[in-house]
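First up is the structure itself, then whatever we jot down about it.
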Amino acid sequence: MLVDRFGRRARKLRISVTDRCNFRCVYCMPEDVAFMDREELLTFEEIERVTRVAVRLGIEKVRLTGGEPLARRDVERLVERLAAIPGLRSVSMTTNGYFLPAKAAALKRAGLNGLNISLDTLDPDRFLLLTRRDYLREVLAGLDAALAAGFAPIKVNMVVMRGYNDDEVETFALLARTRPLVVRFIEFMPLDNGNVWNERLVVPAREIIERIASVAPLEPLEHDPSEPARRWRFRDGQGEIGVIASVTEPFCAHCDRLRLTADGKIRNCLFGLDEYDVRAVLRGGGSDEDIAAVFQEAVANKWAGHLINRAGFVKPERTMHAIGG
Ligand code: SAM
Ligand code: SF4
């Protein structure tokens with residue numbers, strides 16, 4: 001089992017399948033970016049092998065992410081392979097939604113259990129400002145396609161940035177009342193390319209909840225401490241929302257996740273500065289035990305928590321798109 005020095009057991013693995021993306025969200029990546037060479041990316045066979053070992057070590061759930069996971073060709077084939085691994089309880093995906101009109105049904109057939117769709121605004125001009133692409137219509141069509149394919153409930157993730165989109169918080173919350181969506185508000189984290197984040201742009205989760213409660217009364221739902229989102233439902237029982245307070249109320253003490261980057265590095269924290277090279281083992285003829293040893297090393301070195309709110313915080317070199325959000 002993968003238990004760290006602080007007694008936390010890893011149960012979830014986030015797998016980035018590509019660092020490429022058809023969007024250029026200002027909080028995630030620069031416009032002008034050099035992507036990894038294709039040979040650097042783990043193949044589907046390699047990802048499946050690493051996941052099998054991870055499941056043996058106690059990983060129960062995986063989430064595919066990126067970059068944009070649907071920008072990786074035939075990613076539904078990977079979903080199919082992972083969904084067939086005995087002992088793995090769930091395979092889900094976080095996506096910008098753009099390719100869902102073409103892919104949602106195939107993903108469902110392949111055995112994908114859950115979908116998170118990122119959407120930060122319902123205003124086309126703002127969408128262009130935030131993602132640097134004019135694709136709001138396509139993303140909304142993607143959301144409809146995912147609902148039509150039978151994914152339910154779908155989680156909609158909104159990164160809240162003061163002065164950019166925070167005046168839409170109430171509107172987004174009300175979406176959870178009218179459609180089978182769980183709307184989740186994420187505090188803006190310092191994982192952009194260095195030019196945008198500052199703490200004045202972070203809207204604290206507490207403020208988000210107060211604002212929503214002022215338009216429709218809320219009550220808290222039971223909280224699984226290993227889940228990043230604190231959950232609330234509207235008092236009349238229609239709809240659920242979540243807030244992810246990574247900056248103002250870090251949940252590191254209960255963290256149960258590890259990450260695998262698209263180029264085969266294990267990371268024990270989004271904000272970690274070290275990486276553990278599983279690709280070198282895979283491509284150097286290593287055994288499953290050697291792969292397991294890389295996981296064990298990553299977990300042994302996991303720190304107590306991130307230091308965003310402390311002097312001396314050092315941003316990781318990779319931005320979100322290259323880590324896998
Ligand atoms: N391309 C996919 C998408 O956008 O959903 C998956 C990858 S993206 C890096 C995963 C999630 O990270 C998205 O919900 C995105 O909004 C979020 N994210 C990216 N940069 C962030 C930041 N600096 N702070 C908070 N969330 C961020
Ligand atoms: Fe692409 Fe997702 Fe990053 Fe936006 S948040 S640039 S959609 S990887």
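First listed ligand is number 1; within each ligand, the first listed atom is number 1. The model shown is predicted, which means the values in this text are computed figures rather than measured ones.
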Under a 4.0 Å heavy-atom limit, does Cys25 contact ligand 2 with its side chain, its backbone, both, or neither? both
Any Gly67 heavy atom less than 4.0 Å to ligand 1: yes
Please verify whether a non-hydrogen atom of Met158 lies at under 4.0 Å from ligand 1.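 No, that is not the case, since the closest heavy atom of the residue is not under 4.0 Å from the ligand.
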Give the atoms of ligand 1, by number and element, whose distance to some non-hydrogen atom of Glu187 is under 4.0 Å.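 Listed by number with element: 25 (C).
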Show the atoms of ligand 1 that are less than 4.0 angstrom away from any heavy atom in Thr65.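 Selected atoms, number and element: 6 (C), 7 (C).
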Could an N or O of ligand 1 be found under 3.5 Å from any N or O of Met189, whether backbone or side chain?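 Yes; at least one N/O pair falls below 3.5 Å.
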Any N or O of Ser118 closer than 3.5 Å to N or O of ligand 1: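 Right, the criterion is met.
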Taking the six-membered ring of Phe151 as reference, does the NZ or CZ atom of Lys108 fall below 6.0 Å from its centre and within a 45° cone about the axis?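 So Lys108 does make the cation-pi contact.
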Nearest protein heavy atom with distance in Å, relative to [atom]:
atom                    : value
atom 26 (N) of ligand 1 : Val159 CG2, 3.5 Å
atom 15 (C) of ligand 1 : Tyr27 CE1, 4.0 Å
atom 19 (C) of ligand 1 : Met320 CG, 3.3 Å

I'd like the name of whichever of Gly66, Ser246, Cys25, Gly97 reaches closest to atom 8 (S) of ligand 1 through any heavy atom. Gly66
List the atom of Tyr135, the atom of Asn22, and the distance in Å for their closest heavy-atom pair. CE1-O, 3.8 Å
SB check Glu60 Arg9 (cutoff 4.0 Å): yes
Check this for me: does any side-chain nitrogen of one of Arg283 and Glu46 sit under 4.0 Å from a carboxylate oxygen of the other? yes
